[in-house]
Amino acid sequence: MKVVITGAAGFLGSHLVERFIRAGYDVIGIDNLITGSSQNVAHIESSNFKFLEHNVIESIPVEEKVDGILHFASPASPIDFDKIPLEIMDVNSVGTRNCLEFARKRGIRFFMASTSEVYGDPLVHPQNEEYFGNVNPRGIRSVYDESKRFSEAMIYAYKRFYDVDVRVVRIFNTYGPRMRPDDGRVIPTFIRQAIQEKPITVFGDGKQTRSFCYVDDLIEGIFRLYHSDYSNPVNIGNPIEYTILELVQELEEVFGKSLQLDFKPLPQNDPLRRKPDITKAGDLLKWKPEIPLKEGLRKVVKWFKKTEVEY
Ligand SMILES: NC(=O)c1ccc[n+]([C@@H]2O[C@H](COP(=O)([O-])OP(=O)(O)OC[C@H]3O[C@@H](n4cnc5c(N)ncnc54)[C@H](O)[C@@H]3O)[C@@H](O)[C@H]2O)c1
């Protein structure tokens, strides 16, 4: 069995490559390294893994027979939204289409990494897969959330029109080793600031909530969804909510010291609350997150300290 994984050198893509290889697959990873790093996959045995440095907007440069394609290429960090907005929209439109065409021509399965951002700043809590979202089509985040919504629209058009075999995961906030320390997301930012002994930047009053899923839990859910026969979107994430201030407390316990806070105004269109309804993942995939926040944070802090990341 062999699959193509786009975005293979990214945070989630590299963990996904490992999961498929562990299950006995061969994997062809494609990545143009715009936000990823070849270091993330440098340790993977070359007998099962082939890496192609390539932009999926141009093509999917694979001739050999494969059984599926998983599209994980897309910058995902808020910090990228105003740095590389057009690249984000391209990979979630032209890039998604190239992957869908690749799947259509070969009659193979297509799997998409969509996002909880399709729900925007939701007006219902928790969000189940039937909720259509509350998205500002021209806000700073729209380059990401609207392009993911466009991806989903195109995926289901390909399903209806060409009967392509599709799977779509809507990923909620995930954290783990190999996140970039400067990627703007709250956990790596706080850990980096704590390691550097700098004040922790808290936006707003810190009472907004987030749910955090450890990467191993997420990848297990994705692996099960890929092998399921369910083609509509499925939320995967951890429904336990923490306020940002509670996250700080957890980190204080992990670091064994109190952390100084620096409050800043809330960025535009930053959702105040997002929480997945994971009933569907539970029923269909017998999946639920297993790793408590503190245990996950310990693993990430250990990884950040061990890895010589440039801060
Ligand atoms: N991490 C999360 O919490 C999260 C949440 C929701 C959705 N997602 C989705 O999961 C996927 C992976 O996210 P991540 O957190 O690993 O981000 P990441 O930035 O670490 O990984 C994305 C990878 O895609 C590559 N890439 C981007 N554009 C490309 C292109 N045109 N051609 C080839 N490669 C390209 C990047 O170089 C990078 O290695 C994305 O689709 C993202 O939208 C992630």
Side-chain angles (χ1 to χ4, degrees), residues 4-18 28-42 51-62 69-81 83-99 102 111-119 127 141 143-152 155 168-188 210-219 221-222 233-238 271 274 276 289 296 300:
V4 174
I5 297 181
T6 74
F11 162 47
L12 298 182
S14 60
H15 287 275
L16 197 62
V17 169
E18 288 174 334
I28 301 170
I30 307 177
D31 202 300
N32 68 350
L33 305 179
I34 189 168
T35 53
S37 162
S38 52
Q39 278 308 312
N40 287 338
V41 285
F51 181 70
L52 307 174
E53 187 177 334
H54 181 79
N55 191 333
V56 296
I57 288 162
E58 289 161 22
S59 62
I60 306 300
V62 173
I69 179 162
L70 296 96
H71 185 31
F72 277 68
S74 166
S77 305
I79 205 160
D80 296 324
F81 297 171
K83 274 199 213 146
I84 43 172
L86 301 176
E87 288 84 347
I88 293 174
M89 287 190 280
D90 281 346
V91 76
N92 285 307
S93 52
V94 182
T96 301
R97 179 145 193 194
N98 284 344
C99 294
F102 182 82
F111 186 106
M112 174 76 190
S114 185
T115 169
S116 60
E117 297 273 343
V118 299
Y119 302 122
Q127 295 83 52
R141 301 177 91 87
V143 297
Y144 183 64
D145 49 32
E146 289 289 24
S147 69
K148 287 288 185 181
R149 288 164 70 96
F150 180 81
S151 267
E152 288 200 16
I155 290 163
V168 174
V169 62
R170 290 187 181 150
I171 302 169
F172 283 68
N173 260 352
T174 301
Y175 69 101
R178 304 194 196 129
M179 292 184 92
R180 287 177 291 157
D182 62 348
D183 86 351
R185 286 182 273 193
V186 63
I187 288 184
R210 289 286 183 276
S211 54
F212 303 106
C213 186
Y214 188 68
V215 62
D216 292 356
D217 279 336
L218 174 90
I219 295 294
I222 287 174
V234 177
N235 290 339
I236 300 277
N238 193 324
R274 223 187 263 140
V300 187

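Just so you know, ligand 1 is whichever comes first in the structure, and atom 1 is the first atom listed for that ligand. As the structure is a computational prediction, the values presented were derived from the model and not from experiment.
Relative to atom 22 (C) of ligand 1, the option among G7, G36, S74 with the closest non-hydrogen atom is S74.
S14 contributes no side-chain N or O that, together with a main-chain N or O of A8, makes up a donor-acceptor pair within less than 3.5 Å.
Under the side chain to side chain contact (heavy atoms under 4.5 Å, CB included) rule, K148 has a single partner from I171, V143, V168, V118, which is V118. Tested against N92 for a side chain to side chain contact (heavy atoms under 4.5 Å, CB included), the candidates E152, M112, R149 yield a single pass: M112.
Between A73 and ligand 1, not a single N/O pair is under 3.5 Å apart. The shortest N/O to N/O separation between V91 and ligand 1 does not fall below 3.5 Å. The shortest N or O to N or O distance between I171 and ligand 1 is not below 3.5 Å. Ligand 1 has no nitrogen or oxygen under 3.5 angstrom from a nitrogen or oxygen of S116. For ligand 1, none of its N or O atoms has an N or O atom of N173 under 3.5 Å away. Between R180 and ligand 1, a contact under 3.5 Å exists for no N or O pair. For the pair I30 and ligand 1, the shortest N or O to N or O distance does not fall below 3.5 Å. Considering backbone and side-chain N/O atoms, S114 never comes within less than 3.5 Å of an N/O atom of ligand 1.
Between F81 and Y144, the ring-plane angle classifies as parallel under the 30° and 60° cut-offs. Taking the six-membered ring where the residue is Trp, F212 and Y175 present perpendicular rings, their angle passing 60° and hence far from 30°.
The distance from ligand 1 to the heavy atoms of P75 drops below 4.0 Å at these ligand atoms: 27 (C), 28 (N). Shown in contact with N55 at under 4.0 Å from a heavy atom are these atoms of ligand 1, numbered in order with element: 30 (C), 31 (N), 32 (N). The distance from ligand 1 to the heavy atoms of A9 drops below 4.0 Å at these ligand atoms: 39 (O). Counting the atoms of ligand 1 from 1 in the order shown, those under 4.0 Å from a heavy atom of I34 are 26 (N), 27 (C), 28 (N), 36 (C), 37 (O). Listed by atom number, the atoms of ligand 1 under 4.0 Å from A113 heavy atoms are 10 (O), 11 (C), 41 (O).
Not a single heavy atom of Y175 sits under 4.0 Å from any atom of ligand 1. H54 counts as a contact of ligand 1, since one of its heavy atoms falls under 4.0 Å from the ligand. Taking a 4.0 Å cut-off on heavy atoms, G95 fails to register as neighbouring ligand 1. Contact analysis leaves T6 out of contact with ligand 1, as no non-hydrogen atom separation drops below 4.0 angstrom. Taking 4.0 Å as the cut-off, M179 does not count as a neighbour of ligand 1 on heavy-atom distance. Under the 4.0 angstrom criterion for non-hydrogen atoms, S77 is not in contact with ligand 1.
With hydrogens left out, the protein atom closest to atom 10 (O) of ligand 1 is L12 CD1, 3.5 Å, a heavy atom. Remark: minimum distance from atom 13 (O) of ligand 1 to any protein heavy atom is reached at A76 CB, 3.8 Å. Protein heavy atom nearest atom 42 (C) of ligand 1, with residue, atom name and distance: Y144 OH, 3.4 Å.
Contacts between L33 and ligand 1, counted as non-hydrogen atom pairs separated by less than 4.0 Å, involve the backbone only. No part of S37 comes within 4.0 Å of ligand 1, judged by heavy-atom distances. Here K148 has side-chain heavy atoms under 4.0 Å from ligand 1, and that is the only part of it that gets that close.
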